[in-house]
There are 2 protein chains.
Amino acid sequence: MEREEITHRIARFPEQCRRAGLKVTHQRMAVYGMLAATDTHPTPEDVYMAIRGPLPSISLGTVYKILDQFQQHGFLRRVSTEGHVARYDANLTAHHHLICEDCGKIQDVELPGPVQEPQLPAGTRFRVSHCDILFHGRCGACAAARPTA
Amino acid sequence: MEREEITHRIARFPEQCRRAGLKVTHQRMAVYGMLAATDTHPTPEDVYMAIRGPLPSISLGTVYKILDQFQQHGFLRRVSTEGHVARYDANLTAHHHLICEDCGKIQDVELPGPVQEPQLPAGTRFRVSHCDILFHGRCGACAAARPTA
DNA sequence: GTGGCTGCAAAGCTTTTGCATGTTC
DNA sequence: GAACATGCAAAAGCTTTGCAGCCAC
């Protein structure tokens with residue numbers, strides 16, 4: 001994402017909080033700012049470590065609470081993974097994910113046309129709210145580092 | 001899956017173990033038999049509870065070890081979910097999943113034609129080993145029980 | 001008989017919860 | 001000032017680990 005777009009999102013965030021009935025605190029701003037500025041899909045621990053610099057008093061428990069609230073209000077999404085550690089994504093535009101089985105890195109990917117939003121077979125009794133496509137495999141860096149592994 | 005196919009899979013399982021260098025134990029047979037006979041994508045706890053009847057001495061730790069080995073040998077797959085509890089699937093045929101946000105139930109779904117195995121945009125530096133499509137939403141039963149919730 | 005497997009128990013890690021204190025509005 | 005949010009610490013939940021004894025081969 002471009003820097004300008006990130007700045008814009010962060011500038012709009014206080015208004016989003018108020019609409020959702022959430023108070024605008026330093027902690028919430030720091031968590032949102034960190035997530036909006038990255039595309040690495042951080043864990044709660046990652047977020048905590050990153051914002052301890054500017055906000056040394058923040059606690060990991062608060063980070064968990066904030067991430068959970070933000071997800072419930074739709075400010076960010078949790079990425080589905082097989083691992084048992086949560087990973088978050090503040091990019092709400094339509095996209096899917098590449099998950100490297102070697103290094104664990106998660107990258108965004110946009111698919112062309114109709115594949116981006118697949119349809120269920122006609123007659124399936126299920127109302128879809130959202131669809132995730134996960135590509136598991138090896139990223140370019142890992143494939144280059146150990147071609148045959 | 002038909003009952004005959006399940007029986008067939010279970011009958012072939014000892015041979016699969018031997019090829020993988022794993023000894024054929026009652027515990028492994030019980031875990032595999034339970035998973036092959038269901039399409040509910042059980043958690044380790046589910047597996048443990050289900051096989052305590054026939055095998056009262058089994059421990060939860062052993063179930064975890066066995067599930068991990070089976071996954072590494074490709075006898076079953078772990079389903080990607082946002083939750084932090086592992087769920088397993090012994091159905092290795094090409095299919096994807098419907099995940100109900102209300103009741104947590106996971107159902108199998110087969111998609112028509114090319115959508116079943118989407119391709120990455122040309123030039124993407126990523127070697128795909130496997131692709132998961134997850135449809136999040138509400139299942140038929142939950143939609144019927146509380147239409148507007 | 002031997003090597004691998006199981007059962008048990010303890011430990012590890014992530015996440016949730018409760019409550020007194022502090023902050024936003 | 002009232003309501004909500006934070007920080008701390010304890011607890012809960014899931015999973016892994018270590019090891020002595022047991023079992024498949």
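Proteins get letters first, then strands, A, B, ... in listed order; numbering begins at 1 in each.
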Taking only N and O in the side chain of Y64(A), is any of them less than 4.0 Å away from OP1 or OP2 of dT16(C)? no
Answer yes if the side chains of D89(A) and H95(A) hold a donor-acceptor pair under 3.5 Å, and no otherwise. yes
Give one of base, sugar-phosphate or nothing for S57(B), where a contact means two heavy atoms less than 4.0 Å apart. sugar-phosphate
Tell me the interatomic distance from L60(B), atom CG, to dA11(C), atom C1', rounded to whole angstroms. 15 Å
Students often get this wrong, so: under 4.0 angstrom with heavy atoms, is T25(B) touching a base, only sugar-phosphate, or nothing? sugar-phosphate
By nearest-nucleotide position on DNA chain D, the 5'-leaning member of L22(B) and R28(A) is R28(A)
Q71(B) CD to dT16(D) P, in whole Å, measures 10 Å
Do K105(B) and Q107(B) touch side chain to side chain, with heavy atoms closer than 4.5 Å? yes
Interatomic distance, Q72(A) CD vs dT16(C) C1' [rounded to whole Å]: 13 Å
Mind calculating the distance between CD (Q69(B)) and C1' (dT6(C)) to the nearest angstrom? 11 Å
Looking at dT6(D), dT6(C), dG7(D), which one has an atom nearest to any side-chain atom of Q27(B)? dT6(C)
Would you kindly give the NE2-to-C1' distance between H26(A) and dT23(C), to the nearest whole Å? 9 Å
Regarding E15(B) and R12(B), does a basic nitrogen lie under 4.0 Å from an acidic carboxylate oxygen? no
How are the rings of F70(A) and F13(A) set to each other: parallel, tilted or perpendicular (split at 30° and 60°)? perpendicular
Closest nucleotide among dC5(C), dT6(D), dT15(D) to the K23(B) side chain: dC5(C)
Separation of atom OH in Y48(B) from atom P in dG7(C), rounded to whole Å: 9 Å
Atom-to-atom span, CG of L55(B) to P of dC5(C) - whole angstrom: 16 Å
Nearest-nucleotide wise, let me know which of G61(B) and G61(A) is further upstream toward the 5' end of DNA chain C. G61(B)
Closest to the K65(A) side chain: dT6(D), dT15(D), dT14(C)? dT6(D)
Any side-chain heavy-atom pair from T62(A) and V31(A) closer than 4.5 angstrom? no
Rounding to an integer number of Å, can you tell me how far M29(B) CE sits from dA24(D) C1'? 14 Å
With nearest nucleotide decided by heavy atoms, which residue, G21(B) or D68(A), maps closer to the 5′ end of DNA chain C? G21(B)
Side chain of V85(A), heavy atoms from C-beta onward: which of dC25(C), dT14(C), dG7(D) has the nearest atom to it? dT14(C)
Picking from dA3(D), dG7(C), dG7(D), which would you name as closest to the side chain of I58(A)? dG7(D)
